[in-house]
Amino acid sequence: MSLLPHSTESTPMVIADNRKAFHEYFIEERFEAGLVLEGWEVKAIRAGRIQLKESYVIYKNGEFWLFGAHISALPTASTHVKPDPTRTRKLLLKQREIERLGGKVDRSGYTVAALNLHYTRGYIKLEIGLAKGKKQHDKRESEKEREWQREKARLVRNEVKRG
């Protein structure tokens, strides 16, 4: 019998990542949002048929919406449902989070980016981030840093092999 406290929080299992968002933006804060999905979309997401690469989040009429996320319908989708793979999907956030994010997006030159889609306790959630755009020189700097980290890891690996 274990005496360790049991955690009710499970680590999220990532379904799809949006790596392009990390290349294009500095992510300052992260939030977890629910999505309003149809049944065929849930089945397609569980089958891994989603792409977030070209997606973005907009703030309109006091609500956040996910645009451009492509969910490919399964070939076994119902005959009476006409799936739209890139339809606009509403994000579900707490009112306090909506007001805070909306204020920053409206006034401060921030944007909201879709970062990843994951399961949390069996529910499909979208991680969004409050983001500020990178300039071209920032992107080059990030690329140099990533290359240096890769080179350091390679040098350490080679040193360990030699002895």
Side-chain angles (χ1 to χ4, degrees), residues 7-37 41-42 44-60 63-74 85-94 96-163:
S7 173
T8 57
E9 287 294 314
S10 60
T11 57
M13 188 175 103
V14 175
I15 301 166
D17 266 328
N18 185 1
R19 288 191 219 110
K20 187 177 177 185
F22 292 99
H23 180 71
E24 299 286 328
Y25 303 105
F26 292 115
I27 308 300
E28 297 190 3
E29 285 185 72
R30 294 172 180 233
F31 297 90
E32 185 176 77
L35 284 156
V36 177
L37 297 171
E41 292 172 321
V42 174
I45 289 169
R46 291 194 185 281
R49 299 173 65 105
I50 181 161
Q51 187 175 27
L52 289 176
K53 193 166 132 185
E54 299 298 323
S55 67
Y56 57 97
V57 177
I58 68 160
Y59 179 65
K60 188 166 92 178
E63 297 175 333
F64 282 95
W65 299 85
L66 177 65
F67 277 88
H70 189 88
I71 301 175
S72 304
L74 293 170
T86 57
R87 79 175 183 89
T88 304
R89 295 164 182 93
K90 184 177 177 181
L91 297 183
L92 304 172
L93 291 159
K94 293 181 180 172
R96 189 175 68 247
E97 292 173 338
I98 291 173
E99 290 166 1
R100 187 161 158 237
L101 281 171
K104 290 210 175 187
V105 167
D106 284 344
R107 288 186 291 275
S108 308
Y110 284 96
T111 189
V112 178
L115 303 178
N116 74 37
L117 199 68
H118 60 271
Y119 297 116
T120 300
R121 297 187 301 274
Y123 293 102
I124 297 171
K125 302 287 185 171
L126 180 71
E127 185 176 15
I128 58 176
L130 185 63
K132 199 140 187 106
K134 285 185 180 179
K135 304 279 191 278
Q136 187 63 38
H137 62 87
D138 293 328
K139 292 178 189 176
R140 283 194 292 266
E141 189 65 36
S142 295
E143 185 64 31
K144 282 182 191 173
E145 180 64 29
R146 195 167 31 253
E147 288 294 327
W148 171 237
Q149 294 299 331
R150 228 178 264 143
E151 184 63 29
K152 272 198 316 193
R154 195 175 302 124
L155 290 171
V156 168
R157 259 195 324 270
N158 289 340
E159 193 60 37
V160 169
K161 283 182 184 177
R162 279 189 233 144

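Positions are given from 1 along the sequence. Predicted, not measured: the structure shown is a model, and the values here were computed from it.
Residues that satisfy the side-chain hydrogen bond (donor to acceptor under 3.5 Å, both in side chains) test with R49, not counting sequence neighbours, are absent from this structure. Residues forming a side-chain hydrogen bond (donor to acceptor under 3.5 Å, both in side chains) with R150 (at least two apart in sequence, or on another chain): E147. Scored by the ring-ring contact (aromatic ring centres under 6.0 Å, His included) test, F31 finds no partners at all (sequence neighbours excluded). Scanning for ring-ring contact (aromatic ring centres under 6.0 Å, His included) contacts around F67 gives Y56, with sequence neighbours left out. Checked against side-chain hydrogen bond (donor to acceptor under 3.5 Å, both in side chains), K90 has the following partners two or more places apart in sequence or in another chain: E63.
Here OG1 of T111 is found 10.5 Å from NZ of K132. Values are rounded to the nearest 0.5 Å. Separating the CG atom in D17 from the NZ atom in K53 is a distance of 13.5 Å, to the nearest 0.5 Å. Rounding to the nearest 0.5 Å gives a distance of 8.0 Å between CG of L66 and CD1 of I71. Here I15 contributes atom CD1 and I45 contributes atom CD1; the two are 6.5 Å apart, rounded to the nearest 0.5 Å. Atom-to-atom distance recorded for Y59:OH and K104:NZ is 14.0 Å, nearest 0.5 angstrom.
Residues A114 and I128 come closest through the heavy atom pair CA-CG2, 4.3 Å. Minimum heavy-atom separation, A113 to A131: CB-CB, 4.4 Å. Nearest approach of L52 to L117, heavy atoms of both residues: CD1-N, 3.7 Å. When every heavy atom of A47 is checked against every heavy atom of L74, the shortest pair comes out as CB-CD2, 3.8 Å.
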*asked:* Using side chain to side chain contact (heavy atoms under 4.5 Å, CB included), reason through W65 and V57 one step at a time and then give a plain yes or no.
replied: CA-CA 6 Å; W65 299 85; V57 177; over 6 Å; no
Requested in this report: Verify side chain to side chain contact (heavy atoms under 4.5 Å, CB included) between T86 and H70, making sure each step is shown before the conclusion.
Outcome: CA-CA 5 Å; T86 57; H70 189 88; 3.3 Å; yes
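Shown here is R154, whose CZ atom has more than 12 heavy atoms of other residues, nucleotides or ligands within 6.0 Å. Residue R19 qualifies as open at atom CZ: its count of foreign heavy atoms under 6.0 Å is 12 or below.
Pairs passing the side chain to side chain donor-acceptor pair (under 3.5 Å) check and including a residue from residues 27-37, sequence neighbours excluded, read E28-Y110, E29-R100, R30-E127, E32-H118, E32-T120.
Between L91 and L35, some side-chain heavy-atom pair lies under the 4.5 Å cut-off. Here the side chains of Y119 and I124 are in contact, with some heavy-atom distance below 4.5 Å.
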